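Please read these numbers as outputs of a predicted model, since none were measured by experiment.
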Amino acid sequence: IGPNGTGKSSVLQALILLKQSRGQGALVTSGESLRLGRYDEVVHKPPRGGYARQPIGNVEFRLEGSFPAFSRNRSAPPISSARPTSETYTVTFDPSGLLRHETEIVGQDIQIAGSWHRVSGGEVSPQVIPLQFRELDAGQVGLTLQASVAQAVAPGGWSFPQGLDPSVVLTTQVELQNIFLGFHELLTKTYLIPPLRGVSSPDCPLLDEPPSDFLTSAGPDEYASRVLSTVAYQRDLETSISRFSKQSLGVKMRARLTPGRRVSAEAYNGSTTNLVNEGFGANQLMLLLAQCVIAPAGSLLGIEEPEIHLHPRAQNKLAEILVELVKGQHKQLILTTHSEHVLMGLLTEVASGRLQPGELSVYYFYKDKKGLATQQRLAVDDQGRLKGGLKGFFEANIDELEHYLKALSLPRTR
């Protein structure tokens with residue numbers, strides 16, 4: 001939450017920039033998913049005085065997260081009950097391309113650090129990790145790690161003792177792979193639902209293949225065509241989309257094939273209406289719901305202003321739907337919003353106990369005295385209250401009420 005121009009959208013765009021830059025050796029600022037211009041147009045350049053500008057510098061991304069626990073002691077308690085493995089991934093670009101990246105992994109009894117730099121090369125510590133298995137009495141196996149350009153740290157060659165259960169070997173390999181490539185794998189399941197969304201014509205071209213990621217830099221019409229084509233190919237999506245749209249707006253939605261390899265969207269509730277004639281609320285909501293539903297479990301979805309064109313009551317219902325998607329399908333959502341109705345809907349979910357306080361993070365974005373975008377996390381308690389209140393929302397309401405009361409007190413003019 002926060003005023004316009006304070007960097008909320010940049011958080012979501014940063015993730016998509018990383019996604020479309022994977023394996024490219026440079027920060028792809030204009031790609032198939034997102035077009036933000038040239039590198040020098042994206043990177044912040046503070047003024048040096050007068051009209052002089054600072055030289056184009058570096059841009060750094062830092063991701064922190066937790067993944068399923070891994071212990072080098074294979075006789076430890078089951079993974080589900082162990083402390084999660086935390087990972088920090090940092091990558092830096094300069095105008096020439098990828099400059100450096102590094103990963104730090106801290107688990108129950110394991111700590112790994114790896115880095116790569118364009119000039120100095122790469123290093124990993126430790127070089128060998130001893131793994132202890134229950135099937136062998138204090139038996140150990142060496143795991144060699146190596147740094148690579150494509151991934152900050154990538155698994156090297158594994159060697160396992162003879163006679164070890166093959167299923168144990170496979171499980172260990174998969175777990176290590178998931179940890180070392182955790183953020184890279186997560187980026188493949190990261191999606192952005194942009195603010196410009198909706199169906200602008202009665203029908204769209206039917207694509208040959210149904211994409212699962214609808215984001216495209218080709219514009220809103222192509223975005224709509226991707227969504228409707230996928231819904232037409234995968235009819236099971238209609239059931240979920242219709243259930244959620246009925247819950248929020250009182251209408252169901254579906255895709256319909258038309259002659260000439262075209263596809264249209266319809267809203268129906270007793271009568272059927274082409275979606276372009278139904279209203280912008282239902283129009284944009286179908287595209288939002290489609291991406292939320294089709295994204296696989298474990299996905300990270302960024303949603304720009306989910307409240308667009310929705311009545312306050314529908315915004316509140318949408319908050320309930322988003323919580324259901326998170327809880328029922330194990331997805332993580334990052335929302336940027338100017339809507340107190342969406343935020344209050346989420347806080348109400350905490351107050352009711354359907355959402356735990358630790359499952360909702362609220363960040364207030366603003367510009368500091370130097371004009372730099374910054375943010376403050378607002379603590380959420382178990383009654384759905386924000387420490388410090390709803391910054392920027394209630395103050396605006398009070399100001400508006402004050403102006404209204406003053407207007408009523410003035411003499412009427414004709």
In Leu386, Val342, Leu355, the residue satisfying side chain to side chain contact (heavy atoms under 4.5 Å, CB included) with Leu347 is Leu386
Look at the side chain of [X] and the backbone N and O of [Y], then say whether any donor-acceptor pair between them is shorter than 3.5 Å.
X	Y	result
Asn274	Asn277	no
Thr258	Arg262	yes
Thr6	Pro3	yes
Thr188	Glu185	yes
Tyr39	Gly97	no
Ser225	Pro205	yes
Lys8	Gly2	yes
Tyr89	Phe61	no
Glu266	Leu275	no
Gln20	Leu34	yes

Can a donor-acceptor pair be found between the side chains of [X] and [Y] at a distance below 3.5 Å?
X	Y	value
Arg100	Thr90	no
Ser299	Gln332	no
Asp221	Ser200	yes

When you compare the side chain of [Y] with that of [X], does any pair of heavy atoms fall below 4.5 Å?
X	Y	answer
Leu343	Leu335	no
Pro357	Asp381	no
Leu12	Ile303	no
Glu307	His338	yes
Leu15	Leu63	yes
Ile294	Leu237	yes
Ile241	Lys252	no
Glu305	Thr337	no

Regarding [X] and [Y], does a basic nitrogen lie under 4.0 Å from an acidic carboxylate oxygen?
X	Y	value
Arg226	Asp213	no
Asp40	Arg38	yes
Glu324	Arg354	no
Glu64	Arg62	yes

Tell me whether the rings of Trp116 and His101 are parallel (<30°), tilted (30 to 60°) or perpendicular (>60°). perpendicular
Between [X] and [Y], what is the shortest heavy-atom contact and its length?
X	Y	result
Gly57	Pro95	O-CD, 3.8 Å
Gln111	Val106	CG-CG2, 4.1 Å
Ser201	Cys204	OG-SG, 4.5 Å
Val293	Phe244	CG2-CE1, 4.0 Å
Gln291	Leu215	OE1-N, 4.4 Å
Ala267	Glu278	CB-CG, 3.8 Å

Exercise for review: Evaluate the side chain to side chain contact (heavy atoms under 4.5 Å, CB included) criterion for residues Thr336 and Phe365: first the C-alpha distance (whole Å), next the side-chain angles of each, then the deciding distance (0.1 Å), finally the verdict.
Suggested key: CA-CA 10 Å; Thr336 69; Phe365 280 65; over 6 Å; no
Exercise. Show your reasoning for whether side chain to side chain contact (heavy atoms under 4.5 Å, CB included) applies to Arg197 and Leu288.
Key: CA-CA 8 Å; Arg197 55 184 182 263; Leu288 183 156; 3.7 Å; yes
Assess whether side chain to side chain contact (heavy atoms under 4.5 Å, CB included) is satisfied between Ile1 and Leu378, documenting all intermediate values. CA-CA 10 Å; Ile1 63 173; Leu378 306 180; 4.2 Å; yes
Does Asp203 form a salt bridge (Lys or Arg N to Asp or Glu O under 4.0 Å) with Arg256? I'd like the steps, not just the answer. CA-CA 9 Å; Asp203 57 15; Arg256 184 171 65 89; over 6 Å; no
| task | Given side-chain hydrogen bond (donor to acceptor under 3.5 Å, both in side chains), test Glu304 with Ser9 step by step and report yes or no. | result | CA-CA 7 Å; Glu304 290 259 40; Ser9 296; 2.9 Å; yes
For Tyr268, I'd like to know if atom OH has over 12 heavy atoms of other residues, nucleotides or ligands within 6.0 Å.
yes
task = Using the ring of Tyr364 (Phe, Tyr or Trp, six-membered ring only), decide whether Arg377 places NZ or CZ under 6.0 Å from its centre and within 45 degrees of its axis.
result = no
Calculate, to the nearest 0.5 Å, the distance between atoms [atom1] and [atom2] belonging to [X] and [Y] respectively.
X	Y	atom1	atom2	answer
Ser21	Phe93	OG	CZ	5.0 Å
Leu346	Ser361	CG	OG	11.5 Å
Cys292	Tyr191	SG	OH	11.5 Å
Glu104	Glu102	CD	CD	8.5 Å
Thr239	Arg254	OG1	CZ	12.0 Å
Met253	Arg243	CE	CZ	14.0 Å

With sequence neighbours left out, the residues meeting salt bridge (Lys or Arg N to Asp or Glu O under 4.0 Å) with Arg35 are none
N/O donor-acceptor pairs under 3.5 Å from side chains in residues 311-322, not counting sequence neighbours:
| unit_1 | atom_1 | unit_2 | atom_2 | d |
| --- | --- | --- | --- | --- |
| His311 | ND1 | Arg313 | N | 3.0 |
| Gln315 | OE1 | Ser339 | OG | 2.3 |
| Gln315 | NE2 | Leu310 | O | 2.8 |

| request: Please assess Glu359 against Lys327 for the test salt bridge (Lys or Arg N to Asp or Glu O under 4.0 Å), listing each intermediate value before the final yes or no. | output: CA-CA 10 Å; Glu359 295 175 316; Lys327 303 286 285 187; 2.9 Å; yes
- request: Check the pair Leu301 / Lys331 against side chain to side chain contact (heavy atoms under 4.5 Å, CB included), numbers first and verdict last.
  value: CA-CA 8 Å; Leu301 293 114; Lys331 297 172 183 178; 4.0 Å; yes
Applied to residues 24-34, the side chain to side chain donor-acceptor pair (under 3.5 Å) test, sequence neighbours excluded, yields none
